[in-house]
Amino acid sequence: MSTSNAILQRFERLDGVSQTFGDLYSRLFYEHVVERELGIADPDEQATVLQIGCGPLPMTAITLAERGYDVVAVDIDPDAVGAARDAISERELTDKIDIVVSDGCTIDTSGFDVIWLAFHVAPRSELVDSTVSSLEPDQTLVYRRPRSWARAIFPSDSPPIPDDVSLETVTQRFGKESVVVCHDPGNCADCDDAADCPASDETPARTDSELVADAESAGPTLDSLQIGERATIRTVPDHDLLPSLGVRPGKDVRLETGQAFNGPLVVTVDERTVALDRTLAGRIRLESTPQGRTEPTPTDGF
């Protein structure tokens with residue numbers, strides 16, 4: 001077990017001393033992460049979920065269960081599983097979450113609609129690779145990996161994703177990002193969600209230059225800026241609110257502040273100060289090299 005993982009597990013075990021602490025910890029560090037992942041994965045209400053690497057405080061599983069999903073959460077550590085069972089029992093979620101001792105490298109993922117891999121799963125590369133290889137047409141994989149400064153602290157051995165799947169990334173706080181993977185349209189013939197999946201649009205094969213352009217468009221997002229940092233907007237989602245606020249491609253934007261508890265971001269766009277929901281800000285892409293951008297000094301080590 002890595003040092004960072006061992007420290008995190010000890011920290012999460014404090015939930016056994018105070019459930020209030022565990023709930024606050026989840027609200028501050030996990031609920032927003034899961035909400036953004038759900039916004040991309042978009043599972044239907046009846047979807048079944050497998051979470052690999054739940055730890056002693058299964059915050060991802062708890063957040064998903066509280067939103068109505070049935071979850072099987074696994075961890076290879078029997079002590080962590082015991083603590084996780086106590087945590088869900090205290091929250092009266094035993095009818096929504098089943099905690100199991102299992103090795104994520106060998107568990108059968110078939111039968112689940114969405115598979116979540118925790119940030120601290122190990123070995124991450126092998127787990128991501130094997131899970132992607134076994135994905136069925138109607139399955140989605142969500143996994144978390146370090147970005148930016150966090151790569152110097154946490155293992156970042158995520159493998160390249162093969163060409164026959166479609167993926168989308170979303171920037172998270174505290175040096176993390178989430179990756180959502182599903183099959184490419186060619187493998188979606190039997191997928192119940194294919195009609196609603198952005199990847200299943202019937203488009204011609206893309207050229208190399210188009211693929212490069214796509215990669216460039218997947219640059220940093222507005223919510224990844226540090227306070228006082230400015231950049232140029234590259235792309236914005238189709239949202240009625242944004243044009244009225246002056247948030248358009250090519251506009252300069254500066255992050256003024258962020259409200260506590262995942263509240264809105266306050267930004268200035270062409271000398272106009274506006275507030276944006278964090279989830280919406282996470283869909284606004286910036287130029288790969290923001291104007292005047294400097295590498296921020298990490299102030300949060302989580």
Side-chain angles (χ1 to χ4, degrees), residues 1-10 12-13 30 33-34 37 41 43 46-65 69-89 93-146 154-167 176-184 187-188 190-191:
M1 182 186 299
S2 67
T3 301
S4 60
N5 198 5
I7 293 172
L8 179 64
Q9 288 219 10
R10 292 192 185 98
E12 290 182 359
R13 288 181 189 276
Y30 276 84
V33 170
V34 176
E37 292 168 342
Q46 304 303 316
T48 56
V49 176
L50 171 67
Q51 190 210 348
I52 298 176
C54 66
L57 180 55
M59 291 166 287
T60 295
I62 288 171
T63 301
L64 290 166
Y69 296 101
D70 292 321
V71 184
V72 174
V74 306
D75 200 287
I76 198 171
D77 181 0
D79 291 337
V81 167
R85 286 172 177 162
D86 291 340
I88 66 169
S89 178
L93 290 171
T94 53
D95 61 329
K96 300 296 293 182
I97 305 174
D98 187 15
I99 308 289
V100 179
V101 178
S102 183
D103 185 345
C105 292
T106 59
I107 191 170
D108 182 5
T109 60
S110 63
F112 294 97
D113 298 304
V114 189
I115 303 153
W116 252 269
L117 297 185
F119 183 72
H120 284 86
V121 293
R124 181 189 292 110
S125 182
E126 287 85 344
L127 275 166
V128 173
D129 190 49
S130 63
T131 308
V132 169
S133 299
S134 62
L135 275 182
E136 298 173 357
D138 56 352
Q139 286 183 309
T140 300
L141 166 67
V142 181
Y143 71 96
R144 298 161 186 162
R145 64 187 181 189
F154 301 103
S156 56
D157 56 344
S158 299
I161 299 298
D163 294 334
D164 62 345
V165 297
S166 174
L167 69 83
K176 300 178 183 179
E177 69 179 355
S178 299
V179 184
V180 180
V181 183
C182 70
H183 272 288
D184 207 53
N187 293 327
C188 289
D190 298 323
C191 178

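Computed over heavy atoms, backbone and side chain alike; hydrogens, waters and symmetry mates excluded.
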Find out whether [X] and [Y] are in side-chain contact, i.e. whether some heavy atom of one side chain is under 4.5 Å from a heavy atom of the other.
{"X": "Y143", "Y": "V181", "result": "yes"}
{"X": "L117", "Y": "V128", "result": "yes"}
{"X": "L135", "Y": "L141", "result": "yes"}

So, for [X] and [Y], which heavy atoms are closest and what is the spacing to 0.1 Å?
{"X": "D113", "Y": "A47", "result": "OD2-CA, 3.1 Å"}
{"X": "L127", "Y": "C105", "result": "CD2-N, 3.5 Å"}
{"X": "S178", "Y": "V33", "result": "OG-CG1, 4.2 Å"}
{"X": "S134", "Y": "T109", "result": "OG-OG1, 3.6 Å"}
{"X": "V71", "Y": "A65", "result": "CG2-N, 4.3 Å"}

Any donor-acceptor pair under 3.5 Å linking the side chain of [X] with the backbone of [Y]?
{"X": "D75", "Y": "V81", "answer": "no"}
{"X": "R124", "Y": "F119", "answer": "yes"}
{"X": "T60", "Y": "C54", "answer": "no"}

- [ ] Please name all residues satisfying side-chain hydrogen bond (donor to acceptor under 3.5 Å, both in side chains) with S89, sequence neighbours left out, ordered by chain then number.
- [x] none
TODO: With sequence neighbours excluded, tell me which residues meet side-chain hydrogen bond (donor to acceptor under 3.5 Å, both in side chains) with Q51.
DONE: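 side-chain hydrogen bond (donor to acceptor under 3.5 Å, both in side chains) check on Q51 returns nothing, list empty.
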Let me confirm one number: the [atom1]-[atom2] distance from [X] to [Y], rounded to the nearest 0.5 Å.
{"X": "E37", "Y": "R144", "atom1": "CD", "atom2": "CZ", "value": "4.0 Å"}
{"X": "I99", "Y": "I88", "atom1": "CD1", "atom2": "CD1", "value": "4.5 Å"}
{"X": "Y69", "Y": "T48", "atom1": "OH", "atom2": "OG1", "value": "11.0 Å"}
{"X": "R85", "Y": "L93", "atom1": "CZ", "atom2": "CG", "value": "15.0 Å"}
{"X": "T140", "Y": "W116", "atom1": "OG1", "atom2": "CH2", "value": "8.5 Å"}

TODO: Considering only NZ, NE, NH1 and NH2 on the basic side and carboxylate oxygens on the acidic side, decide whether R145 and E177 come within less than 4.0 Å.
DONE: yes
TODO: Could you walk me through whether Q139 and C182 pass side chain to side chain contact (heavy atoms under 4.5 Å, CB included), step by step?
DONE: CA-CA 6 Å; Q139 286 183 309; C182 70; over 6 Å; no
- [ ] Take V114 and V142, measure what side chain to side chain contact (heavy atoms under 4.5 Å, CB included) needs, and give me the verdict at the end.
- [x] CA-CA 7 Å; V114 189; V142 181; 4.0 Å; yes
- [ ] Please say which of V72, L64, I62 ends up in a side chain to side chain contact (heavy atoms under 4.5 Å, CB included) with I97.
- [x] I62
Task: Listed partners of D70 passing salt bridge (charged side-chain N to carboxylate O under 4.0 Å, His left out), at least two apart - done: K96
By side-chain contact (heavy atoms from CB on, under 4.5 Å) - contacts of [X] (at least two apart):
{"X": "S130", "result": "none"}
{"X": "I76", "result": "D103"}
{"X": "S133", "result": "D129"}

